Undergrad: 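Got a structure for you, questions after.
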Amino acid sequence: MQWTLVIPLKPLARAKSRLADTAADGLRPGLALAFAQDTVAAAAACPAVRDVAVVTDDALAGRELAALGARIVRDEPGGGLNAALEHAAAAVRSSRPDGAVAALNADLPALRPEELARVLDAAAEFPRAFLPDAAEIGTTLLAAGPGRELRPAFGVDSRARHRASGAVELGLTGVDSVRQDVDTGADLRTALALGVGPRTAAMAARLLIPGQ
């Protein structure tokens with residue numbers, strides 16, 4: 001099964017506020033963009049991925065991610081993360097109504113294409129499925145097979161919310177790069193230990209973070 005990935009990205013100026021203890025205000029937008037660039041590049045290299053759509057209203061991010069081959073979808077609803085994902089899923093399915101769609105976090109800088117392929121192959125066995133994040137509270141990927149609505153419930157306690165919605169939780173091991181999103185300095189250090197993409201590595205070097 002070939003998937004279209006939908007990746008949401010808020011305006012860079014408002015992104016990653018919880019990294020304030022690690023990166024100054026002037027550096028956080030660049031760090032958020034680096035996360036998204038490494039995520040998109042790895043996702044596009046995954047053999048199970050047909051294409052990648054990024055939903056964002058940030059002009060700089062749109063240009064940079066389009067240069068990596070992503071389709072840019074405007075966040076027309078302006079109603080928050082889940083509304084943006086529903087809008088983007090509808091947009092990509094306007095040309096492929098029966099396509100398989102998965103929402104993927106934009107802050108997975110250690111993402112490995114082969115691990116993402118394992119997750120998507122497992123998700124293909126179910127109408128809807130999700131992968132919990134490394135903290136086992138949130139969600140890094142939510143998948144909907146052909147003809148199924150995505151029904152995203154991201155936000156606080158999204159793991160429990162997606163499970164309650166009927167999506168199957170994927171209990172895979174060995175897919176740490178798909179689970180390790182980055183919200184805090186500790187998360188970033190864990191991602192660096194896994195091995196991040198080149199753009200995040202360059203930003204980490206500028207921040208003088210040990211382990212990059």
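Just so it is clear, the structure is predicted and the values come from calculations on it, not from any experiment. Position 1 is the first residue of the sequence; numbering continues from there.
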Undergrad: Look at K16 together with D183 and state whether they make a salt bridge at an N to O cut-off of under 4.0 Å.
TA: yes
Undergrad: Determine, for E136 against R179, whether the closest basic-nitrogen to carboxylate-oxygen distance falls under 4.0 angstrom.
TA: yes
Undergrad: Starting at CD of Q180, measure out to CG of L188 and round the result to the nearest 0.5 Å.
TA: 9.5 Å
Undergrad: Return yes when atom CD of E114 has more than 12 non-hydrogen atoms of other residues, nucleotides or ligands closer than 6.0 Å, and no otherwise.
TA: yes
Undergrad: Starting at CZ of R112, measure out to SG of C46 and round the result to the nearest 0.5 Å.
TA: 13.5 Å
Undergrad: If you measure only the distance, is there a donor-acceptor pair under 3.5 Å linking the side chains of T200 and D38?
TA: yes
Undergrad: Roughly how far, to the nearest 0.5 Å, is CG of D98 from CZ of R148?
TA: 12.0 Å
Undergrad: Could you tell me whether the side chains of R74 and T56 share a donor-acceptor contact shorter than 3.5 Å?
TA: no
Undergrad: Report whether F126 and F130 are members of the same hydrophobic cluster (ILVMFWY, side-chain heavy atoms less than 4.5 Å apart, transitive linking).
TA: no
Undergrad: To the nearest 0.5 Å, what is the distance between CG on L108 and CD1 on I7?
TA: 8.0 Å
Undergrad: Search all heavy atoms of Q2 against all heavy atoms of A100 and return the closest pair with its distance.
TA: O-CB, 3.8 Å
Undergrad: Do T4 and D51 meet the criterion of a side-chain donor-acceptor pair at a distance under 3.5 Å?
TA: yes
Undergrad: Please name the residue in the list P152, S158, P132 that meets the side chain to side chain contact (heavy atoms under 4.5 Å, CB included) test with T139.
TA: S158
Undergrad: Which is it for F35 and N105 under the side-chain contact (heavy atoms from CB on, under 4.5 Å) test, yes or no, and what are the steps along the way?
TA: CA-CA 10 Å; F35 294 166; N105 287 11; over 6 Å; no
Undergrad: L5, L9: one ILVMFWY side-chain cluster at the under-4.5 Å cut-off?
TA: yes
Undergrad: CZ/R151 to CG/L85 distance, rounded to the nearest 0.5 angstrom?
TA: 14.5 Å
Undergrad: D187 and T190: side-chain donor and acceptor closer than 3.5 Å?
TA: no
Undergrad: Measuring from atom CZ of R159 to atom CG of L131, what distance do you get when rounded to the nearest 0.5 angstrom?
TA: 10.0 Å
Undergrad: R71 pairs by side chain to side chain contact (heavy atoms under 4.5 Å, CB included) with which of L65, V55, V92?
TA: V92
